[in-house]
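Below is one structure, written out as structure tokens, with a few remarks after it.
Reminder, nothing fancy here: chain letters follow the sequence lines and each chain counts from 1.
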Number of protein chains: 4
Amino acid sequence: MMFRVRSVIQMGDRVMQRHMSSAGGRKVGFVGLGNMGGHMASNLIKKGHKLNVYDISAPACEALKAKGATVSKSYQEVAKSSDFVVTMLPNNDIVSETYKEMVADGVNSGTVFIDSSTIDPLVAQAVQKLVKSKGATFVDAPVSGGVPGAAAATLTFMVGGTNSEYDTVKGLLEGMGQKITHCGGYGMGQAAKICNNMMLGISMVGLSEVMNLAIRLGLDPKTFGDIVNSSTGRCWSSEVYSPVPGLVPTAPANFDYAGGFATNLMTKDLGLASGVATASNTPIPLGAMAHQVYRTVMAHGLGDKDFSVVYDFLMNQAEKKK
Amino acid sequence: MMFRVRSVIQMGDRVMQRHMSSAGGRKVGFVGLGNMGGHMASNLIKKGHKLNVYDISAPACEALKAKGATVSKSYQEVAKSSDFVVTMLPNNDIVSETYKEMVADGVNSGTVFIDSSTIDPLVAQAVQKLVKSKGATFVDAPVSGGVPGAAAATLTFMVGGTNSEYDTVKGLLEGMGQKITHCGGYGMGQAAKICNNMMLGISMVGLSEVMNLAIRLGLDPKTFGDIVNSSTGRCWSSEVYSPVPGLVPTAPANFDYAGGFATNLMTKDLGLASGVATASNTPIPLGAMAHQVYRTVMAHGLGDKDFSVVYDFLMNQAEKKK
Amino acid sequence: MMFRVRSVIQMGDRVMQRHMSSAGGRKVGFVGLGNMGGHMASNLIKKGHKLNVYDISAPACEALKAKGATVSKSYQEVAKSSDFVVTMLPNNDIVSETYKEMVADGVNSGTVFIDSSTIDPLVAQAVQKLVKSKGATFVDAPVSGGVPGAAAATLTFMVGGTNSEYDTVKGLLEGMGQKITHCGGYGMGQAAKICNNMMLGISMVGLSEVMNLAIRLGLDPKTFGDIVNSSTGRCWSSEVYSPVPGLVPTAPANFDYAGGFATNLMTKDLGLASGVATASNTPIPLGAMAHQVYRTVMAHGLGDKDFSVVYDFLMNQAEKKK
Amino acid sequence: MMFRVRSVIQMGDRVMQRHMSSAGGRKVGFVGLGNMGGHMASNLIKKGHKLNVYDISAPACEALKAKGATVSKSYQEVAKSSDFVVTMLPNNDIVSETYKEMVADGVNSGTVFIDSSTIDPLVAQAVQKLVKSKGATFVDAPVSGGVPGAAAATLTFMVGGTNSEYDTVKGLLEGMGQKITHCGGYGMGQAAKICNNMMLGISMVGLSEVMNLAIRLGLDPKTFGDIVNSSTGRCWSSEVYSPVPGLVPTAPANFDYAGGFATNLMTKDLGLASGVATASNTPIPLGAMAHQVYRTVMAHGLGDKDFSVVYDFLMNQAEKKK
């Protein structure tokens, strides 16, 4: 499935790949060796960095050891022995707890912590304050591109931090990704990711409704898709990632909605968007409704399918069988 | 305001303008000389066609007479004396009634009727049957581009009819517009317009939510707008017509949401989409919700503003005043 | 299933049954002998009225003939030979067309037409004008109670007309129903039915969400149901018609959502509500969303189930199987 | 405004007030002396309990001292000197932090902690575990009834805990309230409050839409309100708390939506509902949409008005001025 997601990223990416140094030789700690983190850590080894890893899963650590990493005994040990520390963890609470533990005994003032988890911007800002209080540096740098992007080192990183911090981390991140965007101050990497994905989530549900309606009215999907793409309805989903089988050959729609960006993950991101919108009392009627639609798709057992499966879910199921 | 909308259309239009003949010399009837129709009829006169017009408003007829048109005494008279008849009327009922009256006494079999009103595709199909039963030809050809597009002859026409009927009308329509798209059989021009505009309506509400949220989270609007435009959240609204003042210089947001595409008209189009979705039992959760949001905007007295005013409506009104 | 719906009506009905005359002896025309109309016409025969019926289905006419009705050859014949004419037809267009045909040749000025179809109030008002223009009387009188209510003569009638017209038709309607409500002028019977059913449709989706959420949070459904019913969340759906199996023994939830008020019909009524809200530019965010939810339920093949099946639809389908 | 809310509670309350002992004489700690807590603590003093209070606001402490309470120097001191401790705090984080501090040095095993704040059920469950780990008892007991209910000792308490714990706290709570409901195990008081209020929030938006639509269609508000109340659309909001001025004399609608239950607070409760629905992946389309509608009402400066102001917000603002 890798080629599909990669092509998606390349089409989404209009920024020239910068040929800045991602040359190795740095001591890099890596915490969180799951589906994403394992690949990212491997890529850093390939670039020649000295990796020092830790994960609560011993097998995950062993796998990286086999590729040349050193395995630490604790978060603190990783932190104290590294120039950079990259964390890739599942949620707000685990990020908070891990950082508390990791910096509890103090850290070297030169160490730069990079959190690539997707979490609430407010949590990222709190962690930044904690790390700063210990004298070190922290930036948030969530990614898009999924497991295939992690494997192929073609991720997009959205960085929140100062200009000089951005310059400091860019080279390292280019060892794991293709496009490194500076989004603003602390937490703004997270904010940009969440907000962009909310727009994506809305567009996909909207496009799915529109395509279903167009087809029921008698329009040819291909003809109408072309009209949308050259008109005011066009969006990334219609041009690059159409949920209608047969329209964009590389899109998950043509592979029974396998691979791609799972509905579960889109729903998680919309949950983060919903949380920050609640905290800031920002009305998001369509964001909230798209969230509920994906949640209903999940309730019907389709959480592991690409999020464009919402097109199929909204279809008349009886007519589909015909 | 004309330049704004014109630029919008040009940016939305990736299809090369075809240099087919829109040369004059035909006898063209025109029914419905309102804000749109008056300009369209004028443009046909400029192209050298002989115009025969009718409208229930005598002053509207006089205005066209001053430009060289002949004024008929009835719908029937217009129809019987023309090679082509263009109708530009406000809604389903008026289109149905007008055509019933217009063809009641029979028509010449060579006459081609072109309805450029925006109506329900099912009504368009019923009118086509009626006209065909009298031996003549009918196509639906609704437009986008608004009054400025009508004035400047830069409209987009979405045509529903056979291939040969499309070829027959294209030259004439090029006298009033820039882009003539063949969408499919009878009613498919209407279907394409309604469906595309539903996508546009959804994108604009979604983008407005996302931009409001991003700004409240601390993102710089310009920086975040650029991220969206080079990422999976991009859409026509974000690239060409941003609802946030200062991001796209030509967009109505920079002119207090004056001009452009009125919220009233977007709401009307979403009403048509809602109607055909109800008739075909197609679920359109975001389309329906966007419709209600625009309707609430109207209830608050903003119906005449460009539909991107929804961004302003969803904002915290107290903070706006600061 | 009859007992279930009957009990529902009785619980919903706090108005004492009036013992006014529904005594027979009148000449009553009946047009539309479907699932509802057939039962209603039979009940009028039982009350001693002389029935004169017409339906495009010959077998439907024969069935009533077997019960003592006279079968007419046309709508006009029914109308001209009756003191009262009751119509029970499927939708706006058929009601309009039928009345046009029925009164085309004129009617007796003393004839009272009663339309018990569920249609748009504006259509009802147009039909009233048509009938009045012929010198006769028309009221709208849609019903609730479904097929079982029609069979058991326990329908509720919602009447739109003048006070004296209401007094005129009440006795006759009591031959088919239990509760005859005067809602206001022409069309207001339809308006009341549509608006009340929109509230019901919203309450049921809302309650289904709340019960699903409560149960997932660990609340006992019975305990929580009692809390809601003695608190600010109470509504007819929670007290009388709970969508959760086991809470209200007579509710369709306990019979696999069979019988009751079909999702298809609730969706049709919400379609009418949506139409009049569009025509009057009234924002109905929850009404519109409930409409889309029922439509999605229909798309998943559950249109014939009672509308409370939405509770089951929103449930986690994997957990349900456990 | 007190009489209004009191009457609301009495009408909502069908359970007979139990005449169990709320007799004083116990040592009661009280933490959180805000708008609600100040009244509640006062009422406990009136019942003859010995109050020991603490709040970060010195004036709030002084006010209670003037009524006979002892003021402690810390949370720990309150906890260690009390048979019962009641906490009334603003949100999840403050409840968590306060309990951590309060029990840090250990507590007497006989002390019973009662949290009447409105928070996430999961947070309540975590606090219960913390308190239990120190050997003491904790129940959650959020309230409804607002400031007037707190002042008049007519609150409703929703208790989460074991049967015997419920029996233990009931008498004390009756010193501050009128109705003490046992909702289930730990956190279930919170769950019941949140879920019931979500139903209330949905009903009120739905009813507001329906009443607006009914009036635009020509129905008399009073007549239609009576129809709804004797039909399947009835709900607490329509019977007791109508958002339409003139229908229920005691409702805030008749006092320019002053007093009652503020839109801000309804929005906060829907935020909690949204959070637990996200955590449990439960689809709540109407709950989410109602949440967004109230949030939009807040954005337009109406957050301090009673939540039934949504009726006014959805109205055509131009027609309102007429």
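Atom CD of A/Q190 is separated from atom CG of A/D115 by 6.5 Å, given to the nearest 0.5 angstrom. Interatomic distance, CG of A/N264 versus CG of A/L302, reported as 10.0 Å (0.5 Å rounding).
Only the side chain of B/V293 has a heavy atom closer than 4.5 Å to any heavy atom of chain A. Using a 4.5 Å cut-off between heavy atoms, A/D226 makes no contact with chain B at all.
Counting heavy-atom pairs under 4.5 Å between each of B/I227, B/V205, B/L314, B/L200 and chain A puts B/L200 at the top. With respect to chain A, the highest number of heavy-atom pairs below 4.5 Å among B/M188, B/M198, B/Q292 belongs to B/M188. In terms of heavy-atom pairs under 4.5 Å with chain A, the best-connected choice from B/G184, B/A192, B/S203 is B/A192. For the set A/M199, A/M158, A/H182, A/E209, the count of heavy-atom pairs under 4.5 angstrom toward chain B peaks at A/E209. Between chain B and the residues A/N197, A/N196, A/T282, A/V210, the most heavy-atom pairs under 4.5 angstrom are made by A/N196.
Nearest heavy atoms, B/S116 versus B/F157: OG-CE2, 3.5 Å. Taking both residues in full, the closest heavy atoms of B/I194 and B/P121 are given as CD1-CD, 3.7 Å, listed atom of the first, atom of the second, then distance. The two residues B/A290 and B/G201 make their nearest non-hydrogen contact at CB-O, 4.2 Å.
For B/S280 (side chain) and B/V276 (main-chain N/O), a donor-acceptor pair under 3.5 Å exists by modelled atom type. Judged by distance alone, with hydrogens and angles left aside, the side-chain atoms of A/E165 form no donor-acceptor pair with the main-chain N or O of A/G185 at under 3.5 Å.
With respect to A/Y241, the ring pair (Phe, Tyr, Trp, His ring centres under 6.0 Å) criterion is satisfied by exactly one of A/Y257, A/F307, A/Y311, A/F261: A/F307.
Residues of residues 215-224 of chain B lying under 4.5 angstrom from chain A, judged on non-hydrogen atoms, are B/R216, B/L217, B/G218, B/L219, B/T223, B/F224 in numerical order.
For the residue pair A/T118 / A/K268, no side-chain donor-acceptor distance below 3.5 Å is found, with atom types taken as modelled.
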